[in-house]
Amino acid sequence: MTTTADVRTPVADPASTGVESRSTDRSVASIFLTPVLLILVLAGLYIYVHSKTLDSIERRSLNTPFLTARVLEHIRLTAVSTVLVILIAVPLGILLTRPSMRRATPFALGVVNVGQAVPSIGVLVLLALSFGIGFKYAIIALVLYSFLPVLRNTMAGLQRVERSLIDAGRGMGMTKRLVLTKVELPLAVPVMMAGIRTALIINVGTATLATFTNAHGLGDVIDAGLKLDRRPVLITGAVLVAVLALTIDWLAGLAERVLRPRGL
Amino acid sequence: MADRSGSASSSGGTGGEVISLQGLTKRFPGQRENAVDSLDLEIPAGEIVVLVGPSGCGKTTTMRMINRLIEPTSGKIVIGGEDVTKINSDQLRRRIGYVIQQVGLFPHMTIADNIAVVPRLLNWNKPRISERVDELLELVGLDAGAYRGRYPKELSGGQQQRVGVARALAVDPPVMLMDEPFGAIDPITRDRLQNEFLRLQETIRKTIVFVTHDIHEAIKLGDRIAILDKGSRPAQYDTPEQILAHPANDFVVDFIGPGASVRSLGLTNLADIELDKIPVVELADSIDKARALLARAKQDRAVIVDGDRRPRGWRRAADLEQGMSSGGGPLAILRRSQTVHDALNELLRTGDTIAAIVDSDGRYEGALRLETIMGLTAHADAARAPVKDAQPVAAQRGDAG
Ligand SMILES: Nc1ncnc2c1ncn2[C@@H]1O[C@H](COP(=O)(O)OP(=O)(O)OP(=O)(O)O)[C@@H](O)[C@H]1O
Ligand SMILES: [Mg+2]
């Protein structure tokens with residue numbers, strides 16, 4: 001098996017045309033539908049919570065300042081980890097696809113693949129726990145866990161840029177750096193964005209477990225609901241995580257659309 | 001066609017520069033043989049030189065060493081008197097137009113942006129770039145207003161190919177490299193693009209190195225053809241006419257394939273061959289004078305011309321009894337700018353064995369007999385006849401493929 005095949009098979013692929021135009025039509029509809037649906041869900045949650053008479057334990061969790069703080073923590077965990085992943089995995093992906101680095105590619109991918117294959121989310125959290133607790137360790141765990149899709153898609157996106165285009169660019173006297181920034185990266189954007197979107201989804205979900213490393217987030221709410229056996233609290237936490245995940249995915253979808261170069 | 005061979009040698013201004021390859025050699029790492037083996041080739045300014053040869057013989061490698069996309073193992077490349085073997089290769093490439101087989105237009109850039117790549121590298125200002133883009137689009141036959149804002153995928157293959165050529169011409173480089181630029185196009189469009197390309201070259205007069213493995217394309221486009229054997233070794237480097245008429249060796253014979261003699265007739269101008277001389281009789285002349293002329297020339301027929309020396313018909317000695325103005329079938333008349341192939345066609349059409357050749361004003365200049373044409377092809381065939389057993393050549397080509 002070639003390394004190319006290794007890289008290409010598991011990639012989220014927005015490339016093949018026939019399927020893609022249909023999914024674009026669908027996503028046009030979902031661009032408008034998703035926010036409406038999410039607002040409806042939130043409204044439903046609000047009505048549900050207000051229809052209950054809450055005891056003092058429930059009231060400690062189910063109030064606006066508390067929930068807002070947890071949501072913001074959750075967003076912060078997701079954003080910081082995703083940005084870090086992009087900052088590390090994208091340059092690494094670029095580096096590993098340079099012709100001079102071609103020999104290191106299978107090795108690097110192997111290491112990252114092992115990283116992905118071994119740990120379940122829980123194992124990673126345990127790993128972080130054994131080193132320490134707090135925001136920093138939650139972030140490390142999240143970065144490790146969402147690293148592969150970004151790295152893999154960056155490499156795949158760059159590798160599937162047609163050789164002839166790079167040739168044409170070099171043949172016209174573009175420097176290697178210019179070919180990278182003006183040709184390869186713009187053309188790799190759709191595949192790279194798919195990887196980043198995957199990483200975001202992983203992070204927003206996995207950040208729920210950050211509560212076990214004392215890094216808070218919406219995991220706190222769910223955890224409280226479970227531990228104290230309070231159904232409204234549990235439901236609120238779960239619904240908020242789901243709504244947040246869908247919102248972020250929706251935003252990422254918008255970004256994908258805007259950043260996709262025209263003409264492709 | 002007629003003025004093509006002329007354009008190569010005419011002293012009219014050329015936008016090109018001489019390319020001189022000296023002992024150019026490339027050995028790829030881990031290979032036992034040189035992909036290009038000590039190639040010496042002089043490419044005259046303003047000419048189209050076609051590199052043609054079997055797959056793997058080193059055509060692409062040779063071409064890509066000229067703009068140093070592949071660095072030579074040894075040897076020298078001199079362009080316009082300057083040794084470019086060691087200069088900054090990015091800067092060198094901005095001075096050399098490059099068209100690749102796959103066209104290679106950037107799909108995420110508009111047509112205008114694609115053409116503007118090299119002008120931007122050279123920091124041209126915006127108005128100048130925009131003006132140049134429009135000019136180039138018109139030059140390659142595309143409406144600037146309609147196409148400059150489009151993306152490559154919104155163009156047909158042939159249109160993309162033209163944009164590829166426009167892009168390579170953007171900063172008016174003296175030298176163009178074209179690697180099978182018309183390879184991936186249907187035969188009819190390819191033929192049209194080739195014709196347009198030849199017309200374009202008449203105005204731009206670049207030095208063009210053109211790679212193809214299609215001998216027909218080579219004959220059509222090349223001012224000169226280098227037929228390359230393994231290791232980019234030139235088996236023959238000459239004009240298409242010379243290669244067809246006098247192939248240097250078995251390899252060339254085998255490569256140009258059957259039908260070469262007939263094709264070579266299409267490249268031979270009537271102006272370039274010696275015409276047959278037969279007696280000329282004016283309409284006003286007497287029958288006796290005509291008879292005397294025929295007898296003295298020991299020829300079977302004479303041509304009748306009018307007061308303006310326009311050919312009117314043939315007369316055999318036997319026909320002369322019927323008078324000067326009557327008789328004679330349709331007359332095959334050709335201008336000297338036409339080819340021997342045209343003459344052969346015309347003879348087949350009229351069913352005659354002799355054609356009258358006239359100058360551009362229609363005045364009689366001489367005759368061309370069918371035997372003479374046969375002689376031309378026989379001569380070419382004799383030159384082409386394999387000297388040795390053809391076996392080694394076939395084997396060689398088999399290896400190369
Ligand atoms: N990057 C490379 N590394 C190793 N060998 C190469 C490389 N590029 C070309 N070769 C070898 O050099 C020889 C010449 O190749 P080249 O591409 O110049 O052939 P070509 O005449 O253009 O053939 P074609 O008509 O098939 O395009 C071939 O034997 C080829 O295998
Ligand atoms: Mg080639």
Side-chain angles (χ1 to χ4, degrees), chain A residues 13-21 24 90 94 97-103 153-154 156-194 255-264, chain B residues 60 63-71 87-122 149-155 160 163-164 167-171 173 176-181 183-184:
Chain A
D13 184 8
S16 61
T17 44
V19 186
E20 205 228 345
S21 57
T24 315
V90 170
I94 292 172
T97 49
R98 297 308 90 191
S100 52
M101 291 291 289
R102 200 145 281 165
R103 245 172 276 163
N153 275 39
T154 301
L158 289 170
Q159 276 166 347
R160 69 177 55 181
V161 172
E162 270 178 54
R163 184 70 228 165
S164 63
L165 296 179
I166 297 170
D167 242 39
R170 295 288 286 145
M172 282 190 288
M174 293 171 86
T175 58
K176 281 183 183 151
R177 176 184 294 265
L178 271 174
V179 170
L180 174 66
T181 55
K182 300 282 184 194
V183 180
E184 295 181 72
L185 283 175
L187 290 174
V189 156
V191 179
M192 284 168 68
M193 278 303 296
E256 238 178 338
R257 224 162 227 289
V258 173
L259 292 177
R260 184 189 183 84
R262 290 187 57 204
L264 292 190
Chain B
T60 300
M63 164 168 283
R64 288 161 71 92
M65 278 196 284
I66 297 176
N67 67 1
R68 304 216 347 252
L69 275 176
I70 295 176
E71 290 288 355
I87 68 170
N88 179 307
S89 61
D90 287 327
Q91 250 131 46
L92 171 69
R93 289 183 204 127
R94 292 168 199 179
R95 290 164 34 194
I96 299 178
Y98 185 45
V99 184
I100 59 175
Q101 172 167 3
Q102 305 87 339
V103 193
L105 295 184
F106 300 137
H108 59 299
M109 294 185 192
T110 62
I111 299 307
D113 286 337
N114 265 288
I115 295 176
V117 168
V118 185
R120 289 211 175 103
L121 288 174
L122 297 179
R150 291 209 200 170
Y151 286 93
K153 72 166 181 199
E154 297 164 339
L155 267 60
Q160 291 186 17
V163 175
R167 182 171 71 170
L169 284 170
V171 296
M176 294 253 282
L177 306 179
M178 307 179 83
D179 194 352
E180 301 202 34

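Every chain is numbered from 1 and lettered A, B, ... according to where its sequence line falls, protein lines coming before strand lines.
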Report summary line: Taking every heavy atom of B/Pro107 against every heavy atom of A/Leu187, the minimum-distance pair comes out as CG-CD2, 3.6 Å
Query - Portion of B/Leu92 that has a non-hydrogen atom of chain A nearer than 4.5 angstrom - result: neither
**Report entry** Pairwise distance CE(A/Met174) to CZ(B/Phe106) - rounded to 0.5 angstrom
**Finding:** 5.0 Å
Query raised in the report: Heavy-atom distance under 4.5 Å to chain B: side chain of A/Ile166, backbone, both or neither?
Result: neither
Query raised in the report: Which pair of non-hydrogen atoms, one from B/Gly104 and one from A/Ala168, has the smallest distance, and what is that distance?
Result: O-CB, 3.6 Å
Do chain A and chain B have donor-acceptor pairs under 3.5 Å, and which are they?
unit_1, atom_1, unit_2, atom_2, d
A/Asp167, OD1, B/Arg64, NH2, 3.3
A/Asp167, OD2, B/Arg64, NH1, 2.4
A/Asp167, OD2, B/Arg64, NH2, 3.3
A/Arg170, NH1, B/Asp90, OD1, 3.2
A/Gly173, O, B/Arg94, NE, 2.8
A/Gly173, O, B/Arg94, NH2, 2.8
A/Lys182, O, B/His108, NE2, 2.7
A/Leu264, O, B/Lys153, NZ, 2.9

Query - Which portion of B/Leu122 sits near chain A, non-hydrogen atoms under 4.5 angstrom - result: neither
Query raised in the report: For A/Val189, what residues pass the side chain to side chain contact (heavy atoms under 4.5 Å, CB included) criterion, not counting sequence neighbours?
Result: A/Met193, A/Leu259, A/Pro261
Report summary line: Applying a strict 4.5 Å limit to non-hydrogen atoms, the region of A/Leu165 in contact with chain B is both
